[in-house]
Amino acid sequence: MRRLPWILILATLAIVIALFMGRDPEHAQKLSEMYRDAAFTGEAREMVLMLLALGIGGFIVYLTMTRR
């Protein structure tokens, strides 16, 4: 079976759930607090961005070297 219908179904389901959860003020506040607590701050954020940049750069170099 093709993937596109499944992706559309899952995306629609995620949007409906997000709209439903966003309407409940208490649950929306809890989600907002959870996102704020889970976010990287300060030096940890810089470290994560640097590691992501190095990882993506390394992957690009790997693909460039192995395609020859």
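- Looking at M34 and K30, their side chains never come closer than 4.5 Å, going by heavy atoms from C-beta outward.
- A distance of 11.0 Å separates CD1 in I17 from OG1 in T12, rounded to the nearest 0.5 Å.
- For M50, the CE atom is loosely surrounded, since the number of other residues' heavy atoms within 6.0 Å does not exceed 12.
- Distance check: L4 CG to I9 CD1 gives 9.5 Å after rounding to the nearest 0.5 Å.
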